[in-house]
Amino acid sequence: MKPQPSSPRKRRIHAWPVRICHWINVLAMTGMVMSGWGIYNADPIFAFTFPQNTTLGGWLGGNIAWHLAVMWLMAANALFYLLWGMFSGHFRRDFFPFTLRSVWRDTLRALTFTLPHKLGQYNAVQKLMYSGVLLLGLLLVLSGLSIWKPVQFSGLVWLFGGFDIARYVHFFAMSGVMLFVVIHVLMVLLVPKTLVAMLTGGKKTVTEESTDE
Ligand code: HEM
């Protein structure tokens, strides 16, 4: 029977493409970062290297092989997620709108532990962080392409201001993603039920008129 206009019904808090892509991305990101740290160690741009046991691949050749192999998993997953997010309306509906004012308000609330959390509805800090990490991901891919194939992507290298600067951009974009992960996981720990929903999908009641689906 067709539901009445205002009859409540249940739907998943996180649709399956979001959950599958999210967890594949966590795996892929871990592989990319650990193998990337190994590659960095072979020719550091700062006065430090990453501990050997936080790297993946054992030696430079292994680090690079892992980095390039996991890159394809990450790229395919990201492409699917981005296309699905755009065409299903997920990004438009769940990541926007947010304003500087709402981000500031929700940051203050988060810092004073008074930020209410409604499952399935992102606060302004989350909206900013999720949109921001997607942009950082784009920067990682573009700077990564520049240092992987500088001849083929010479236009991109030029846009970054040269090979060496593209390396710095790649490093700082990785650091930005790491900062995101630390804050993101801390926020999840503050509201652990969000983790259950990201694993199982969860259920929320919506009415037909709801626009936040
Ligand atoms: C072990 C590490 C991680 C855990 C436990 C975790 C957990 C979660 C949870 C519980 C949510 C849903 C939040 C809510 O409903 O309020 C979420 C959403 C999200 N996470 Fe993570 N996350 C992790 C790592 C990452 C990483 C590495 C990235 C990307 C670099 C990431 C990007 C995102 C994004 C973009 C969303 C929003 C997804 C969407 O609605 O499309 N997460 N995460």
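Remember, it's 1-based here, ligands and their atoms both numbered in the order they're listed. Nothing fancy with the numbering, it's 1 onward along the sequence.
- Remark: ligand 1 atoms within the under-4.0 Å shell around heavy atoms of His117 are 16 (O).
- For ligand 1, the atoms closer than 4.0 angstrom to any heavy atom of Val26 are 23 (C), 24 (C), 25 (C).
- The 12-atom threshold is not exceeded at CZ of Phe87, counting heavy atoms of other residues, nucleotides or ligands nearer than 6.0 Å.
- Under the 4.5 Å side-chain criterion, counting only non-hydrogen atoms from C-beta, Asn63 is not in contact with Leu56.
- At the top of the distance list for atom 4 (C) of ligand 1, counting protein heavy atoms only, stands Trp23 CH2, 3.9 Å.
- Contacts with ligand 1 closer than 4.0 Å are made by heavy atoms of both the backbone and the side chain of Thr194.
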### Task
Check the pair Met174 / Trp37 against side chain to side chain contact (heavy atoms under 4.5 Å, CB included), numbers first and verdict last.
CA-CA 10 Å; Met174 176 279 296; Trp37 286 359; 3.5 Å; yes

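- Listed by number with element, the atoms of ligand 1 under 4.0 angstrom from any heavy atom of Val181 are 27 (C).
- Between His184 and Phe180, the angle of the ring planes stays under 30°, which puts this pair in the parallel group of the 30/60° scheme.
- Here Tyr168 contributes atom OH and Ile45 contributes atom CD1; the two are 5.0 Å apart, rounded to the nearest 0.5 Å.
- For atom 33 (C) of ligand 1, the candidate residues are His22, Met178, His14; the nearest heavy-atom contact is made by His22.
- Rounded to the nearest 0.5 angstrom, Asp106 CG and Phe98 CZ are separated by 11.5 Å.
- At the top of the distance list for atom 16 (O) of ligand 1, counting protein heavy atoms only, stands Gln126 NE2, 2.8 Å.
- Annotation: side chain of Asp94 is not in contact with side chain of Tyr130 (no heavy-atom distance under 4.5 Å).
- Residue contacts with ligand 1 include His90, since one or more of its heavy atoms lies under 4.0 Å from the ligand.
- Shown in contact with Val185 at under 4.0 Å from a heavy atom are these atoms of ligand 1, numbered in order with element: 2 (C), 3 (C).
- Looking only at its N/O/S atoms, His184 has NE2 as the one nearest to atom 21 (Fe) of ligand 1.
- Under the 4.0 Å criterion applied to side-chain N and carboxylate O atoms, Arg167 and Asp164 are not assigned as salt-bridge partners.
- Using cut-offs of 30° and 60° on the angle between ring planes, the pair Phe91 and Tyr81 is perpendicular.
- Ring-plane geometry between His67 and His170 is classed as perpendicular, the angle between the planes exceeding 60 degrees on a 0 to 90 degree scale with a lower cut at 30.
- For the pair Asn25 and ligand 1, a heavy-atom separation below 4.0 Å is found.
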### Task
Assess whether side chain to side chain contact (heavy atoms under 4.5 Å, CB included) is satisfied between Met198 and Thr194, documenting all intermediate values.
CA-CA 6 Å; Met198 196 40 130; Thr194 59; over 6 Å; no

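- Residue, atom and distance of the protein heavy atom nearest to atom 34 (C) of ligand 1 are Tyr130 CD2, 3.7 Å.
- Heavy atoms of Phe91 stay at 4.0 angstrom or farther from ligand 1.
- Of all atoms in ligand 1, numbered sequentially from 1 with element shown, those under 4.0 Å from a heavy atom of Leu195 are 5 (C), 10 (C).
- Shortest contact from atom 28 (C) of ligand 1 to any protein heavy atom: Phe180 CE2, 3.6 Å.
- Within the 4.0 Å heavy-atom cutoff, Met187 does not count among the residues contacting ligand 1.
- For atom 40 (O) of ligand 1, the nearest non-hydrogen atom of the protein is Tyr122 OH, 2.5 Å.
- Each of the following atoms of ligand 1 lies closer than 4.0 Å to a heavy atom of Tyr81: 38 (C), 39 (C), 41 (O).
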